[in-house]
Protein chains: 2
Amino acid sequence: MATGRAHRPATRSRGIPEATVARLPLYLRALTALSERSVPTVSSEELAAAAGVNSAKLRKDFSYLGSYGTRGVGYDVEYLVYQISRELGLTQDWPVVIVGIGNLGAALANYGGFASRGFRVAALIDADPGMAGKPVAGIPVQHTDELEKIIQDDGVSIGVIATPAGAAQQVCDRLVAAGVTSILNFAPTVLNVPEGVDVRKVDLSIELQILAFHEQRKAGEDAAGDAGVVPPVAARKQQHSTGSADQGPDGDVPAVMPA
Amino acid sequence: MATGRAHRPATRSRGIPEATVARLPLYLRALTALSERSVPTVSSEELAAAAGVNSAKLRKDFSYLGSYGTRGVGYDVEYLVYQISRELGLTQDWPVVIVGIGNLGAALANYGGFASRGFRVAALIDADPGMAGKPVAGIPVQHTDELEKIIQDDGVSIGVIATPAGAAQQVCDRLVAAGVTSILNFAPTVLNVPEGVDVRKVDLSIELQILAFHEQRKAGEDAAGDAGVVPPVAARKQQHSTGSADQGPDGDVPAVMPA
DNA sequence: AGGTGTGAAGTTTTTCACAGCC
DNA sequence: GGCTGTGAAAAACTTCACACCT
């Protein structure tokens, strides 16, 4: 169905730009690291460096949350950690179900960043009856048949799909029907969901393709010499900026996890 | 070296917007599916629906590549597949090394979407000597000591880091020193790289946090009473992408590990 | 009729740069 | 002196809407 549609109409007064929301987790991670080293305060410059963005952007982002800094000094680390956590809704417990316990699902289940960020793996679900009962990351895998029951009993509102592409839409439909309203999709397919349900997608190969695009640009630039195939249109290559990014792609949001 | 090239700003630039580049893999995936079903042509409307974007955006995106459609008809599927592949640099072979063969690394190694898109897993590398020689996805894992040799011998320019956060920067430094100029980072840490090296990151917990933010908002803003108009959450929709990247392309994701 | 290609308008995001407070 | 907070300007991106080709 339609995929089109824009974004939010800005919920009432609290209008934090989407781009800012996408960076809050980044800041939070950097701040958490500082907190663990017992650093009391940071300047926008330092924090920005740690998060991989520029300081003006960071200050602007924080300005949407409120005035939590002190001129001439910087930001109080603990305080900011709390404010951002609260803004992101991480001060509450979010039960999450992971469907599809293959290598990726297992990697996700083992991901430590979950628990420490307000997320709790409520259940691991797989369609393979042979997996049932088998523990992964200390949690016994349950069969797909249990899906609805688990979601309802635990009040799960966030689901993670790590199944093969072919099963994703079906799993998605069941999750939504059972009450899930936010889905993180790792399957390389476009999911159709009813209005009111959020879907975020993470695709391993898309990122690589984007890298290939830039890589090609670096290498080529003239020695293209692709005279093999038919297609017309001169081989006008070109260079585009990216301007030799040194660090992180500040504008992105993708996500997956570490091993 | 890289920075050398005396290129002028060039007024008529062929620079494709970053946002467009990030969507090309999506279109490519949708087109590939159509191609497999032997569909000869598609309209921007149909293709947009399949890719999860709106048609105006899609047409605009394609306009940066050239005029590959036919008015009144649509786009030739095969031709577009070729053009986009070429634009992304997927018509050539990209050897890739994956460092860190835990669950995630294994999931990546098994990911079918790579091979079918111009990527070739040149090597799997892990720091654990016990893993050496063990085959994952049919490829024997090699020890980190071999890293430099592999990169140089195979002319690898793209590296994937799937190690724990603590090892990421070190691995990154070695990759860069050995000649890698594009890195896909799955470790939840900001990598420092010299100019000229591209880094894209994928972080699971960040995506979940963004979902939590929106989820929290849904819960908290429930309009009571059914006045008759759309009550809560105005018009939200589905898939979204953010700034730089997030969608997902093809192939199939991990797989359910049979016993 | 049907559908692309694209200026122009509209929106969001980033960057600048500096007033204002510590 | 140092650093935040933020209007204002700039840039990037999206959407509109329609001329124009088939």
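We name chains A, B, ... by the order of the sequence lines, and we start the count at 1 in each one. Values below: every heavy atom of this structure, side chains too, minus hydrogens, waters and symmetry copies.
In this structure, CD of B:E18 is placed 11 Å from P of D:dA12, rounded to the nearest angstrom. Rounding to whole angstrom units, NZ of residue B:K60 and P of D:dA17 are separated by 14 Å. Computed from coordinates, the B:L47 CG to C:dG3 P distance equals 14 Å when rounded to whole Å. What separates CG of A:N54 from P of C:dA17 is a distance of 13 Å, to the nearest Å. Atom CZ of A:R23 is separated from atom C1' of C:dT13 by 8 Å (rounded to the nearest Å). We find that CG of A:L58 is positioned 14 Å from P of D:dC3, with the value rounded to whole Å. We find that CZ of B:R59 is positioned 8 Å from C1' of C:dG5, with the value rounded to whole Å. As rounded to whole Å, 10 Å separates atom P of C:dG5 from atom CG of B:L65.
Among the protein residues, A:F62 comes within range of no part of the nucleic acid, since none of its heavy atoms lies under 4.0 Å from any strand.
The minimum heavy-atom distance linking B:V81 with B:T32 is given by the pair CG2-N, 4.3 Å.
Overall bending of the helix from C:dA1-D:dT22 to C:dC22-D:dG1, expressed as the angle between end axes built from five pairs apiece, is 0° (10° steps).
Under the 6.0 Å cut-off for aromatic ring centres, A:Y75 and A:Y68 do not qualify, their centroids lying 6.0 Å or more apart. Taking the six-membered ring for Trp, B:Y79 and B:Y82 have ring centres at least 6.0 Å apart.
B:L184 pairs in a side-chain contact (heavy atoms from CB on, under 4.5 Å) with only one of the listed residues (A:I210, A:L204, A:L211), which is A:L211.
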query = Run the salt bridge (Lys or Arg N to Asp or Glu O under 4.0 Å) check on B:E87 and A:R217 step by step: do they pass?
reply = CA-CA 10 Å; B:E87 198 62 57; A:R217 212 130 281 216; 3.4 Å; yes
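Contact of B:R71 with D:dT22 (side chain to base): no donor-acceptor pair of N or O atoms is detected under 3.5 Å.
Mapped onto DNA chain C by nearest heavy atom, B:D61 and A:D61 fall at different nucleotides, with B:D61 at the one closer to the 5' end.
A:T70 places no side-chain N or O within 3.5 Å of a backbone atom of A:V73 that could act as its donor or acceptor partner.
B:S205 and B:Q209 form a side-chain donor-acceptor contact under 3.5 Å, judged by distance and modelled atom types alone.
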